[in-house]
2 protein chains.
Amino acid sequence: MEASPVRPTFLNLPPEKRERIIAAALAEFADKGYEQASLNAVVAASGIAKGSLYQYFTDKQGIFLYLFEVAVGVVRRTLLTVKEETREADVFTRLEKSLLAGVDFIRRHPRLFGLYLRILYDQRTPRRQELLAAVRRFAADYFASLVRQGLSRGEIRAGVSPETAIFLLDAVFDRFLQGVAMPAFDVTLGLNQADAREVAARGRELIGLVRRGLAPPETV
Amino acid sequence: MEASPVRPTFLNLPPEKRERIIAAALAEFADKGYEQASLNAVVAASGIAKGSLYQYFTDKQGIFLYLFEVAVGVVRRTLLTVKEETREADVFTRLEKSLLAGVDFIRRHPRLFGLYLRILYDQRTPRRQELLAAVRRFAADYFASLVRQGLSRGEIRAGVSPETAIFLLDAVFDRFLQGVAMPAFDVTLGLNQADAREVAARGRELIGLVRRGLAPPETV
DNA sequence: CCATGATATGACCAGGTGGTCACATGGAAG
DNA sequence: CTTCCATGTGACCACCTGGTCATATCATGG
């Protein structure tokens, strides 16, 4: 077990103030990454004193880890909802809907996705491996369960190795979502400026290619 | 036109010393990113005085941009070689060989790939859009020319949209290479610890899936 | 009205940063 | 041996960082 990074004082705060601080910290950490994030900027943006921050949290790491906890909660709830809502469909329909749900999530919570990217790419983020393992469990479990379904129902060819299929899905999904979030990633599709209809069409097309790659010949 | 970031003094240096400095700077910038990189660390690692660094380069940006120039040169030469060597083969063979050449490049020049990742993910890198555009041109042109070949020779189905195909290739390639370079990315395939034979097998399998996705039914 | 304990505050600290500059060194030309 | 200029040097500067702490403020219960 480990000490909580957040002090009770913080949880006693009026919700409006609490959320102002969370929003300011999230913006700072997501925009600049762990090390580059400035606590002075956080206190300035949330209108509290430096000392107060240290009455709410143990230290910089504490603030960061608390943000991560909050983020994980949001992601978990979202993922469960999507899985539930597509329960009945075939694998490729589920994948397509999941992809669009991912786009929706990023549009709704761009900072949370930004925080994830930071952890992914800032090698000096504290407890990075541990945090990534947590995120990874979500994605890998999700794809693994879909691929399992696909194989057992014959929607995916028997010869396909599950690991390679998961790798392909993970690569395509992550890149698509990063393309939506960051123009620099999206060399060709213009996802960042596209409207919902266009993104949906591109997603469908992409899942179509993946489907041909994975499904038995007679079904495509 | 713009002022060169490197001063003539640097180019007059004995090559051994020049390369020591380049190596030290590359290590620092690739490991920590632009803002987090410490020039004090660079001078310590290369055994020169702080002041000397400022006789060789205009400023921190200058050092960074010079490193990028050096890196682009290496990448350009490598890419030309691969394109040349696979000239005769069909699209999917060319892709497979290109993927393995990419792996080889990363194993040979891990810091250069690290520098690329930094530019990609550190939003505060100076002139980031411009630098990424340069890298992007390489990859997009490369894939575009292969896809064009594939479509014109009938190795890729006529119905496939070139942009979507390029997106798929870009996603799969980049993720595969990042998986080789950084364990955190590679959820399922274990590329980071795999030996050359294993990586080749995984690459072949992955290109196989992509091929099924892109090629006309009768050829797979 | 006071006392008490929780909460709020910002000047302050040590340590690191990118960048500067007055001076030291070296080697070649006269 | 002297002059001269390119090159080398590290103490120093202003600025910013995460973190501390003595003190002020506030709300509540007696």
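A quick note: this is a predicted structure, and the numbers were derived from the prediction, not measured. The chains referred to below are lettered A, B, ... by the order of the sequence lines, with proteins before strands, and numbering in each begins at 1.
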Protein-nucleic acid N or O pairs under 3.5 Å, nucleotides 4-8 of chain C:
from  : atom 1 : to      : atom 2 : distance (Å)
C:dT7 : OP2    : A:Thr9  : OG1    : 3.2
C:dA8 : OP1    : A:Lys17 : NZ     : 3.0
C:dA8 : OP2    : A:Tyr56 : OH     : 2.8
C:dA8 : N7     : A:Gln55 : OE1    : 3.0

For nucleotides 17-19 of chain C, give me every protein contact, N/O to N/O, under 3.5 Å, one pair per line with atom names.
from   : atom 1 : to      : atom 2 : distance (Å)
C:dT17 : OP1    : B:Ser38 : OG     : 3.0
C:dT17 : OP2    : B:Asn40 : ND2    : 3.0
C:dG18 : OP1    : B:Ala37 : O      : 2.6
C:dG18 : OP1    : B:Lys60 : NZ     : 2.9
C:dG18 : OP2    : B:Leu39 : N      : 2.9
C:dG19 : OP2    : B:Tyr54 : OH     : 2.7
C:dG19 : OP2    : B:Lys60 : N      : 2.9
C:dG19 : O5'    : B:Tyr54 : OH     : 3.2
C:dG19 : N7     : B:Lys50 : NZ     : 3.1
C:dG19 : O6     : B:Lys50 : NZ     : 2.7

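For residues 164-173 of chain A, the side chain to side chain donor-acceptor pair (under 3.5 Å) pairs, not counting sequence neighbours, are A:Ser161-A:Thr164, A:Thr164-B:Arg202, A:Thr164-B:Glu205, A:Asp170-B:Arg175. Note on residues 92-104 of chain B: pairs passing side chain to side chain donor-acceptor pair (under 3.5 Å), not counting sequence neighbours, are B:Thr86-B:Arg94, B:Asp90-B:Thr93, B:Arg94-B:Gln149, B:Glu96-B:Arg204, B:Ser98-B:Tyr142, B:Asp104-B:Arg108.
Using modelled atom types, no side-chain atom of A:Arg118 and backbone atom of A:Phe29 make a donor-acceptor pair closer than 3.5 Å.
When all heavy atoms of A:Val172 and B:Ala171 are compared, the pair lying nearest together is CA-CB, 4.4 Å.
Residues that satisfy the side chain to side chain donor-acceptor pair (under 3.5 Å) test with A:Arg87, not counting sequence neighbours, are A:Glu84. When the side chain to side chain contact (heavy atoms under 4.5 Å, CB included) test is applied to A:Pro110, no partner is found at least two apart in sequence or on another chain. For the side chain to side chain contact (heavy atoms under 4.5 Å, CB included) test, residues two or more places apart in sequence or in another chain that qualify with B:Arg7 are B:Thr58. Evaluation of the side chain to side chain contact (heavy atoms under 4.5 Å, CB included) rule for B:Ala27 yields B:Arg111 as partners, not counting sequence neighbours. Here A:Arg77 pairs with nothing under the salt bridge (Lys or Arg N to Asp or Glu O under 4.0 Å) rule; sequence neighbours left out. Judged as a side chain to side chain contact (heavy atoms under 4.5 Å, CB included), and not counting sequence neighbours, the contacts of B:Glu69 are B:Pro5, B:Tyr66.
Crowding of A:Arg107 atom CZ: a count of heavy atoms from other residues, nucleotides or ligands under 6.0 Å exceeding 12.
A salt bridge is absent between B:Lys83 and B:Asp141; no separation between the charged side-chain nitrogens and carboxylate oxygens falls under 4.0 Å.
Interface limits on DNA chain D: the 5'-most and 3'-most nucleotides within less than 4.0 Å of chain B heavy atoms are D:dT7 to D:dG10.
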Task: Contact state string [nucleotides 24-29 of chain C, B base, S sugar-phosphate only, - no protein heavy atom under 4.0 Å] - done: ------
